[in-house]
Amino acid sequence: MKAIEPQLQIKLQRSSTDKTENSELSRRKFLTKIGIGTGVSLLVMQSIPAALANSKELAGTDTVFTKDDLPMSLSNGKRQSLSNGSHLSSTTLSSPNCIAASIETRLFASSNVGSDDARNQLALQRLACAGFKVQNSDITSRQYLRFAGTDGQRASDLQNIATGAIAAPKLLLGVRGGYGAMRLLPMIDWETLGRIMQERGTILAGFSDVTAIQCALLAQGGVSSLAAPMLYSEFGKSQPDESSCRQFTEALTNPNLSIDVKNADLTSSKLPTILMTDSSQMLGQTLTGTIWGGNLSVVSALAGSPYLPRIDGGIIFLEDVGEQPYRIERMLYDLYLAGIFKNQQAIIFGALSGAGEDSYDARYDVSVVIRQLHKLTGLPIYNGMRFGHIERKQSFPLGARCQISSNTTGGYQLTFADYPTIKADAINVEGLWQAL
């Protein structure tokens, strides 16, 4: 199958008029600064992971890009594959530290193609080593244009469960993000899928573009999911992030997950951890509601559709990558003008990676945008949650009950309840980063 020129997950499909307002660290300039051109020739010469790892722009910062949905380099216009042309078996384990795979797992590839076959196979072996029995590993080889298969193929990863053609597994793991999940939303019977998943206790895991799937599942199926790393983007890396892997396992197995947030740095170092109108009420403040949301670009694109959850008294979580401050504000205004914030109790921001400065006035940054949102909504805003397009992600359930409690040091704690889990002894967490 003919391969296409790689495109970055950080979304370039917006109006060309946006390009007239480039910032110091706009999408294109950011990539140029770290040594990645936007043309295919430079992507062939230098891998994105290597360029990001060597970037002077990111040196000494806590905002580390994990390339979660950036494609690997393509060689000679073809997908990379194993040198001998064969596929590694996801059940062939060479490490004595592996355990028998017993957790029934299926993949869903709703968005970008995973262009590096070797990376896919390494991820599959690691999952098997960790105890996940992947039943449909062959979907990683699909490709149609930039997507991981045709719309029909990608929708069938979930719709076949809704129709009963395939039994629901314990874990539905996303392959990668990028773009394409929104094309599938009208093709899936979310209500039936949600009922079947609830009966089975199925956990759907992913983030980034998979936010569209998670929102639709919650809006129409009433089922929670897990904001978590994915097959290609994390477990297939040459060296997976150990902390993200441990937190993924913790969120899968702990029915009373809690996350402590100490500062706002991942959102903006210029913001307080908690932005509240009456700071005297901050200490001891506790809020409880259903947490929902995900990637800001995707959530804002769903506004006005039947696939965006309508949750009274909810707590909305938002993160994004490579969006300039004015674009972040535009998307937040999309949600504000659509009335999405009206019935919410609070807003939580995760990482807003690579936003940079505004080219017209450097004072207009993410902190200004979020303060403007606080002024508009009057809602308490909690910043700095460790999730997004960063390393050391702290996976957590979306669509579950969440309690936010402030503490005496200016931070806050999130405690989650009412979501499905997996028995801890079925998972060998170290298998997720094994050098197999």
Side-chain angles (χ1 to χ4, degrees), residues 88-109 120-140 157-158 161 166-175 193-194 196-207 210 214 217 223-237 240-259 387 392-400 415-436:
L88 297 171
S89 168
S90 62
T91 58
T92 301
L93 309 177
S94 58
S95 172
N97 298 322
C98 297
I99 64 172
S102 62
I103 302 167
E104 294 181 357
T105 303
R106 293 189 68 85
L107 305 175
F108 66 97
N120 285 322
Q121 298 306 312
L122 179 57
L124 289 165
Q125 281 213 317
R126 283 180 173 142
L127 285 172
C129 181
F132 299 93
K133 188 176 182 180
V134 178
Q135 301 169 339
N136 62 332
S137 60
D138 56 315
I139 74 167
T140 60
D157 295 341
L158 300 174
I161 297 172
I166 294 172
K170 183 59 181 176
L171 177 65
L172 274 167
L173 180 63
V175 173
L193 178 63
I196 291 173
M197 288 178 60
Q198 195 164 35
E199 291 171 355
R200 175 68 174 88
T202 300
I203 304 167
L204 183 144
F207 83 116
V210 173
Q214 294 169 310
L217 185 61
V223 174
S224 67
S225 60
L226 194 68
M230 296 179 283
L231 178 123
Y232 186 90
S233 54
E234 183 62 54
F235 307 125
K237 294 194 297 190
D241 172 24
E242 181 177 330
S243 178
S244 291
C245 293
R246 289 189 182 279
Q247 294 299 327
F248 171 64
T249 303
E250 177 72 7
L252 281 176
T253 59
N254 187 348
N256 300 296
L257 180 72
S258 65
I259 295 174
F387 193 84
R392 304 192 299 280
K393 296 178 187 65
Q394 292 190 296
S395 299
F396 67 97
L398 290 164
T415 306
F416 304 89
D418 301 334
Y419 54 93
T421 57
I422 294 171
K423 291 183 178 180
D425 59 6
I427 302 177
N428 167 35
V429 62
E430 294 183 2
L432 294 174
W433 64 81
Q434 285 280 350
L436 300 174

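No experiment lies behind these values; they were computed from the predicted model shown.
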Test side chain to side chain contact (heavy atoms under 4.5 Å, CB included) applied to Asn97 and Cys129, step by step:
CA-CA 8 Å; Asn97 298 322; Cys129 181; 5.5 Å; no
Nearest heavy-atom neighbours spanning Ser395 and Ala251:
O-CB, 3.6 Å
Partner set under side chain to side chain contact (heavy atoms under 4.5 Å, CB included) for Thr421, not counting sequence neighbours:
Pro255, Tyr419
Distance-only, no hydrogens or angles: does the Lys170 side chain make a donor-acceptor pair with backbone N or O of Ile203 under 3.5 Å?
no
Quick one, Leu217 with Met197, criterion side chain to side chain contact (heavy atoms under 4.5 Å, CB included). Give me CA distance, side-chain angles, the key distance, then yes/no.
CA-CA 10 Å; Leu217 185 61; Met197 288 178 60; 3.7 Å; yes
In this structure, CG of Asn120 is separated from OG1 of Thr140 (nearest 0.5 Å) by 4.5 Å
Answer whether the closest heavy-atom distance between the side chains of Ile161 and Leu193 falls below 4.5 Å.
yes
Set of residues satisfying side chain to side chain donor-acceptor pair (under 3.5 Å) with respect to Glu242, sequence neighbours excluded:
Arg246
Partner set under side chain to side chain contact (heavy atoms under 4.5 Å, CB included) for Asn254, not counting sequence neighbours:
Glu250, Asn256
Taking side chain to side chain contact (heavy atoms under 4.5 Å, CB included) as the test, write out the residues that go with Arg126, two or more places apart.
Leu122, Pro240, Leu436
Side chain to side chain contact (heavy atoms under 4.5 Å, CB included), that's the test. Do Leu124 and Leu107 meet it? Break it down for me.
CA-CA 10 Å; Leu124 289 165; Leu107 305 175; 4.0 Å; yes
My understanding is that only residues two or more places apart in sequence, or in another chain, count here; which of them pass ring-ring contact (aromatic ring centres under 6.0 Å, His included) with Phe248?
Phe235
Restricting to non-hydrogen atoms, name the atom on Ser224 and the atom on Ala400 that form the minimum distance, rounded to 0.1 Å.
CB-N, 4.2 Å
Sequence neighbours excluded, the answer for side chain to side chain donor-acceptor pair (under 3.5 Å) partners of Ser244 is Asp241
Heavy-atom nearest pair, Phe207 first then Lys393, reads CZ-CE, 3.5 Å
Please step through side chain to side chain contact (heavy atoms under 4.5 Å, CB included) for the pair Phe387 and Gln394, ending with a clear verdict.
CA-CA 6 Å; Phe387 193 84; Gln394 292 190 296; 5.6 Å; no
Salt bridge (Lys or Arg N to Asp or Glu O under 4.0 Å): pairs with one or both residues in residues 98-107, sequence neighbours excluded:
Glu104-Arg200
Sequence neighbours left out, what pairs pass salt bridge (Lys or Arg N to Asp or Glu O under 4.0 Å) with at least one residue falling in residues 421-436?
none
Here's a test for you: under side chain to side chain contact (heavy atoms under 4.5 Å, CB included), which of Leu204, Leu231, Leu226 qualifies with Leu173?
Leu231
Go through the structure and list residues passing side chain to side chain contact (heavy atoms under 4.5 Å, CB included) with Thr253, not counting sequence neighbours.
Thr249, Ala424, Ile427
